[in-house]
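Structure record follows, encoded as structure tokens.
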There are 2 protein chains.
Amino acid sequence: MLRQRGLRATPQRLLVLQILEDVGEHLDAENIWLRGKDYDPSLSLATVYRTLHLLEENDLVSQRYFSRDHKKEYYELQKEEHYHFTCQRCGKVIEIHTPRIEQARQELAKELGLVFTHACICFEGYCSSCAQEIQHTQGEHTHVS
Amino acid sequence: MLRQRGLRATPQRLLVLQILEDVGEHLDAENIWLRGKDYDPSLSLATVYRTLHLLEENDLVSQRYFSRDHKKEYYELQKEEHYHFTCQRCGKVIEIHTPRIEQARQELAKELGLVFTHACICFEGYCSSCAQEIQHTQGEHTHVS
DNA sequence: TTTCGTGCAAATGGTTTGCAGACGC
DNA sequence: GCGTCTGCAAACCATTTGCACGAAA
């Protein structure tokens, strides 16, 4: 599949793809590297980065940011449109599906003549269970004070 | 206004606020620092960063990312809901207004019980004039070949 | 005077890059 | 064998932090 674009199917590249496939969810480069070293101890972090960029350019992988901290990049196999919500209390990442973003894109494309090629959309807050627990805690405090 | 929260109104803090107000659009920390040094040559970049974080925590300033490169943070005075679109050809940043994001938030809050506290939304692509020029260029190429 | 802020310089940490050797094709 | 890839280690660079001094309240 890659060879058609003049790229070499090296074991390192296949390994990175394999790991992303097996895990099935977003991983950061270091995590991919650590997992990869189980199979190829000489795998270097630089190669993981280079491979991820290459796979991204070829639309096999997409790079994402989570939550407010955009210092670290995450990667996942490209799949149908979706976004991410990170709970700032328990850290859970929830996959979000909504047609509103695409709707916004189409409306803005029509209104302003924009052509969209890429977007970074990520949400942060409290998941339902954390939100409940916080409300309970606050309720008690309010009651006491 | 800040003093009410137990914070000191130092000249450096006022200066950073002043610059953001005067410029009226997003700036990165280094840019703020450079402008600030015209008024206070001893101003340090570290103080600019510390001030921006403090202002952000107090909801006077909001931190943003633009385009695909999230290595650099930008800051602007907090104002009504809006998002940004960056043209990847001319670099222009266009301010976007759409109710769809808020709509998505509300729908997701109701459906999944999520509580939203923060989001990073930014778009990238071609502005209308760049999109036209690209189409022309491609048209010519197609014509020639 | 006491605490909070600042400037300086060094540290941080994820990501990128130069280079020489290794390997896919 | 040629041209691409890789591993290594060093470089990058925006941002953060430790520390001693300076200045608000």
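Residue numbers begin at 1 in each chain, while the letters A, B, ... track the order of the sequences.
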How close or far is atom C1' of D:dT6 from atom CG of A:L54, stated in whole angstroms? 13 Å
Hydrophobic clusters join Ile, Leu, Val, Met, Phe, Trp and Tyr when side-chain heavy atoms are under 4.5 Å apart, directly or via other members; which others share one with A:L14? none
Where do B:Y65 and A:C120 land on the side chain to side chain contact (heavy atoms under 4.5 Å, CB included) test, with the steps shown first? CA-CA 9 Å; B:Y65 291 107; A:C120 171; over 6 Å; no
Test your reading of the model: is there a side-chain donor-acceptor pair from B:R3 to the backbone of B:A9, 3.5 Å cut-off? no
Contacts of B:Y39 that satisfy side chain to side chain contact (heavy atoms under 4.5 Å, CB included) - sequence neighbours left out: B:L15
Along DNA chain C, 5' to 3', what are the outermost nucleotides having an atom less than 4.0 Å from a heavy atom of chain A? C:dG14 to C:dC25
In residues 56-76 of chain A, what residues come within less than 4.0 Å of DNA chain C, judged by heavy atoms? A:K71, A:K72, A:E73
Is there side-chain contact between A:Y74 and A:E76, with at least one heavy-atom pair below 4.5 Å? no
A:K110: partners by side chain to side chain donor-acceptor pair (under 3.5 Å), with sequence neighbours left out: none
Can you find a pair of side-chain heavy atoms, one from A:Q106 and one from B:R100, that are under 4.5 Å apart? no
Check: residues 19-28 of chain B side-chain donor-acceptor pairs under 3.5 Å, at least two apart:
{"unit_1": "B:D22", "atom_1": "OD1", "unit_2": "B:Q18", "atom_2": "NE2", "d": "3.0"}
{"unit_1": "B:D28", "atom_1": "OD1", "unit_2": "B:E30", "atom_2": "N", "d": "3.3"}
{"unit_1": "B:D28", "atom_1": "OD1", "unit_2": "B:N31", "atom_2": "N", "d": "2.7"}

Please examine the side chains of A:C127 and A:I94, heavy atoms only from C-beta on, and report whether any two atoms are closer than 4.5 Å. yes
Taking distance alone, no hydrogens or angles, what donor-acceptor pairs closer than 3.5 Å link side-chain atoms of residues 51-61 of chain B to residues at least two apart or in another chain?
{"unit_1": "B:T51", "atom_1": "OG1", "unit_2": "B:T47", "atom_2": "O", "d": "2.8"}
{"unit_1": "B:H53", "atom_1": "ND1", "unit_2": "B:Y49", "atom_2": "O", "d": "3.3"}
{"unit_1": "B:N58", "atom_1": "OD1", "unit_2": "B:R5", "atom_2": "NH1", "d": "3.3"}
{"unit_1": "B:N58", "atom_1": "ND2", "unit_2": "B:L54", "atom_2": "O", "d": "2.8"}

When rounded to the nearest 0.5 angstrom, what is the spacing between SG in A:C130 and CD in A:Q88? 9.5 Å
Kindly write out the residues that satisfy salt bridge (Lys or Arg N to Asp or Glu O under 4.0 Å) with A:R35, not counting sequence neighbours, or none if the list is empty. none
Tell me which residues in residues 7-22 of chain B lie within less than 4.0 Å of DNA chain C, going by non-hydrogen atoms. B:L7, B:R8, B:T10, B:Q12, B:R13
For the pair A:L108 and B:F85, evaluate side chain to side chain contact (heavy atoms under 4.5 Å, CB included) and give the outcome as yes or no after the intermediate values. CA-CA 10 Å; A:L108 292 163; B:F85 175 97; over 6 Å; no
Short of 4.0 Å, heavy atom to strand atom, which residues of residues 24-36 of chain B count as contacting DNA chain C? none
Per nearest nucleotide of DNA chain D, the residue lying toward the 5' end, B:A46 or B:R3, is B:A46
If an axis is fit to five pairs at each end of the helix from C:dT1-D:dA25 to C:dC25-D:dG1, what is the angle between the two, to the nearest 10°? 30°
Got a second to check how far A:Y83's OH is from A:I101's CD1, nearest 0.5 Å? 5.0 Å
Using the ring-ring contact (aromatic ring centres under 6.0 Å, His included) rule, collect all pairs that involve residues 89-114 of chain B, keeping only residues at least two apart or in two chains. none
Between D:dA14 atom P and B:R50 atom CZ, what is the distance in whole Å? 18 Å
When rounded to whole Å, the CG to C1' distance for the pair A:L45 and D:dA9 reads 12 Å
